[in-house]
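A short write-up of the structure that comes next.
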Amino acid sequence: MTADAGLNDAQKEAVLSTEGPLLVIAGAGAGKTRVIAHRILEIVRGGVAPEQILAITFTNKAAAEMRERVTQLLKASAGPSASISGSATGSRSGPHISGVPFVSTFHSLGLQIIKENHVLLGYKRTPTIYDRADSMREVKAALKALGNEEIEPRTALGIISKQKGQGREATSFVEKAEMPVDRVVGQVWLAYDAALKKDGAVDFDDLLVKAMRLLQNNEAVRLSYQKRWRYIHIDEYQDTNSVQAKMAELLVGPEKNICAVGDIDQTIYGWRGAEIANILSFEKKYPGAKIILLEENYRSTKNILAAANEVIAKNTNRREKNLYTKNNDGEQLGLYQAFDETDEAGFIVRKIKEQVRDGKQPRDFCVLYRANFQSRAIEEQLLNSGLDYQLLGTKFYERKEIKDVLSFIKAAIHGTPGDLARIANVPPRGIGKVTLLKILSGQEDALGGAVGDKVKNLRLLLSKIHLQATQMIPSEFLKFVIVESGLERMFREDKIEGPERLENLRELVSLAVRYDPLGPGEGLDQLLENAALQSDQDELKENANAVRLMTVHASKGLEFPFVFITGLEEGLFPYERMGEENSDKEEERRLMYVAITRAEKKLFLTFASYRTVFGSKNATIPSQFLSDISDHLLNWETPERIGRTIYLD
């Protein structure tokens, strides 16, 4: 098997260009994951040890898919009976390939670097990782301590996160703060950092910042990683922020063997710090870089791609490219003008039911929207129709009962105050707020009587959990925690929400089984790490035969035979943020491009004449994106039983 088997000419060129800096501009559906996997195979076939290759992407799902594809290619290249060290799919018999490439998300890579250098950084072997709820708790506490009720905790945390993503530190932010809001946020940031330090913890941004600064400031560490990973691949390079781009640059050795793959037209995360300048300035950062365009799309019909090309062509901050395909023309894009959001949702469900009756499966359909609130009307119609659906956005590990179990574990093992505060009275055991404050402030010994006994019983429970953590495999350990904590009993007694919450806990145990082969300790560490680092797409149940509902942002990297893009109205899509006159209109257009290119066979575009927002029904104007698409690509869908109606205010 050759590394360039079945590739088109542009893909083949990218695969065979193994030395020096390379930028691959890969359009939607152009097979970029295939190119990265085959390029890694080509490098290995050239005599490089697999473990000297690093591949970084953004989501656990994408990393898992790439890891699986690379592993299978390496096995196939070595022979049908080959096994690979570190591969869960490898057999122990037959030829053996030593080592595997390190395939990871940026955040997992940062955690790996921190763990390997924890002594230098002043952490335990595995630091506690704050999730968003933990961060929000500390930011709220800091704002309360400052007596500030005007700034939303979400806003303060967003500013801190964005500043961290640009590589800034709290002290320098405070020194340069001029606006009153920035001065307050600066003080919150200092208090937040103090809380992290007290808990020996890091948040998501720290996973990147701490690793980047270590590489930047410690030459010995930097050189050791450059020697370990001689060939570096960065997927979705357009989504990198300042810290991620710098982190990648510091890992690149003197040979400059970096391959960045991305698409300027799919840069849709500017609001969370992604910098389009990173991909636009790649040649400046890496002089002599080779640029290859992947423009052949394998996913969509010609009509869908024509619409995507027309929408994105109006952007000026991009590198010129034009997607094409050898697929057939396909159907025209369906366009539906609804009276309101209820009518819009009714049309969507009717269309899905028609197709299901004709033999299509619910899993073939995806409904996209710009803002989360739009899902409500669609969910109501789906519930009434009896169609199964899956809503992306409520992360499994963020459900209360799941967080409670994980907090029992972290409070027992790490003694983190936030986790202890969360479970101190779960299930209710008579430990109130005053008692909890005394526990957290180091006055626990002063507690006597019945209250003191309750606290001692809690400590005894945590000690039992701590002991079993090192002796039981993850799935059995989780069963132990669920029972011993009293959560199982509490949910059995709750006849309303209890059954569903208990099912979620059982699902957690099922998920833990995959970590059992790692044994006690290491398996649990991996489970906790993955729980902390999950993304929205990790919630996608691939095998569930259900209609998918999600924001356009959450859909990036996914594809479906039939896609509905809803709410195509000015102010909604493109979205206008209240109080932001300079919102990135080009990013909104890129978001529409991403939405269109999720569709393989048929695309429906819907908009409403009236939409209820904040309790008021308002007249709307159709999105400018609709007028960008040529009339010959569109087919007006008629309302049920009547012809198309133009509604006038």
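Since the model is a prediction, treat every value here as computed from it, not as a measurement.
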Does the side chain of [X] reach to within under 4.5 Å of the side chain of [Y], using non-hydrogen atoms?
X: V24; Y: L294; answer: yes
X: S375; Y: Y369; answer: yes
X: V103; Y: T71; answer: no
X: T240; Y: F58; answer: yes
X: E341; Y: T566; answer: no
X: V594; Y: R598; answer: yes
X: K351; Y: F564; answer: yes
X: V35; Y: V261; answer: no

In Å, rounded to the nearest 0.5 Å, how long is the span from [atom1] of [X] to [atom2] of [Y]?
X: R69; Y: T33; atom1: CZ; atom2: OG1; value: 5.5 Å
X: I352; Y: C366; atom1: CD1; atom2: SG; value: 9.5 Å
X: T620; Y: Q337; atom1: OG1; atom2: CD; value: 8.0 Å
X: L634; Y: L603; atom1: CG; atom2: CG; value: 9.5 Å
X: D388; Y: R363; atom1: CG; atom2: CZ; value: 11.0 Å
X: L605; Y: W636; atom1: CG; atom2: CH2; value: 10.0 Å

Has [X] got a side-chain atom pairing as donor or acceptor with [Y]'s backbone, closer than 3.5 angstrom?
X: E559; Y: G29; value: no
X: K302; Y: N327; value: yes
X: N297; Y: A28; value: yes
X: S281; Y: K284; value: no
X: S161; Y: G158; value: no
X: Q244; Y: L208; value: no
X: T105; Y: S108; value: yes
X: Q11; Y: A30; value: yes
X: S385; Y: L382; value: yes
X: T18; Y: I43; value: no

Distance-only donor-acceptor check, side chains [X] and [Y], under 3.5 Å:
X: Q624; Y: E570; value: yes
X: T301; Y: E331; value: no
X: D203; Y: S135; value: no

Looking at [Y] and [X], is any side-chain nitrogen of the basic one under 4.0 Å from a carboxylate oxygen of the acidic one?
X: E236; Y: K32; value: yes
X: E354; Y: R357; value: no
X: K601; Y: D364; value: no
X: R370; Y: E588; value: yes
X: E65; Y: R67; value: no

Parallel, tilted or perpendicular: which fits the ring planes of Y269 and H553, with parallel below 30° and perpendicular above 60°?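 Tilted, since the angle between the ring planes falls between 30° and 60°.
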Set out, in order, the CA-CA distance, both residues' side-chain angles and the distance that settles side-chain contact (heavy atoms from CB on, under 4.5 Å) for Y336 and D343, then state yes or no. CA-CA 10 Å; Y336 183 73; D343 181 21; 2.9 Å; yes
For D265, which of R590, K321, R589, R319 qualifies under side chain to side chain donor-acceptor pair (under 3.5 Å)? K321
Test applied, side chain to side chain donor-acceptor pair (under 3.5 Å); reference residue, S17; option that passes from K12, R39, K290: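 Among the candidates, only K290 passes.
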Closest non-hydrogen atom pair between [X] and [Y], with its separation:
X: N309; Y: L323; result: ND2-O, 2.9 Å
X: T597; Y: S300; result: O-OG, 4.1 Å
X: M66; Y: A55; result: SD-CB, 3.8 Å
X: I596; Y: A308; result: CG2-CB, 3.8 Å
X: F373; Y: T612; result: CE1-O, 4.4 Å
X: P101; Y: V70; result: CG-CG1, 3.8 Å

F625: ring pair (Phe, Tyr, Trp, His ring centres under 6.0 Å) partners, not counting sequence neighbours: F573
L568 vs L335, side-chain contact (heavy atoms from CB on, under 4.5 Å): CA-CA, chis, key distance, verdict: CA-CA 10 Å; L568 283 163; L335 179 60; 5.9 Å; no
Heavy-atom count around [X] [atom1] within 6.0 Å, excluding the residue itself: above 12?
X: E152; atom1: CD; value: no
X: R154; atom1: CZ; value: no
X: D9; atom1: CG; value: no

Is the F365-F560 ring centre distance short of 6.0 angstrom?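 No, the ring centres sit 6.0 Å or more apart.
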Could you walk me through whether E344 and R611 pass the salt bridge (charged side-chain N to carboxylate O under 4.0 Å, His left out) test, one step at a time? CA-CA 10 Å; E344 179 184 53; R611 189 170 297 275; 3.0 Å; yes
Between R376 and E380, does a salt bridge (charged side-chain N to carboxylate O under 4.0 Å, His left out) hold up when you go through it step by step? CA-CA 6 Å; R376 182 199 58 79; E380 285 182 1; 2.8 Å; yes
NZ or CZ of K602 within 45° of F604 ring axis and under 6.0 Å: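 Flagged: K602 positioned over aromatic ring of F604.
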Determine, step by step, whether R501 and K400 satisfy the side-chain contact (heavy atoms from CB on, under 4.5 Å) criterion, reporting the C-alpha distance in whole Å, the side-chain angles of both residues, the deciding distance to 0.1 Å, and the verdict. CA-CA 9 Å; R501 293 186 183 278; K400 181 182 184 304; 3.9 Å; yes
Evaluate the criterion side-chain contact (heavy atoms from CB on, under 4.5 Å) for residue pair N60 and N530; output intermediate values, then yes/no. CA-CA 8 Å; N60 293 329; N530 289 342; 5.5 Å; no
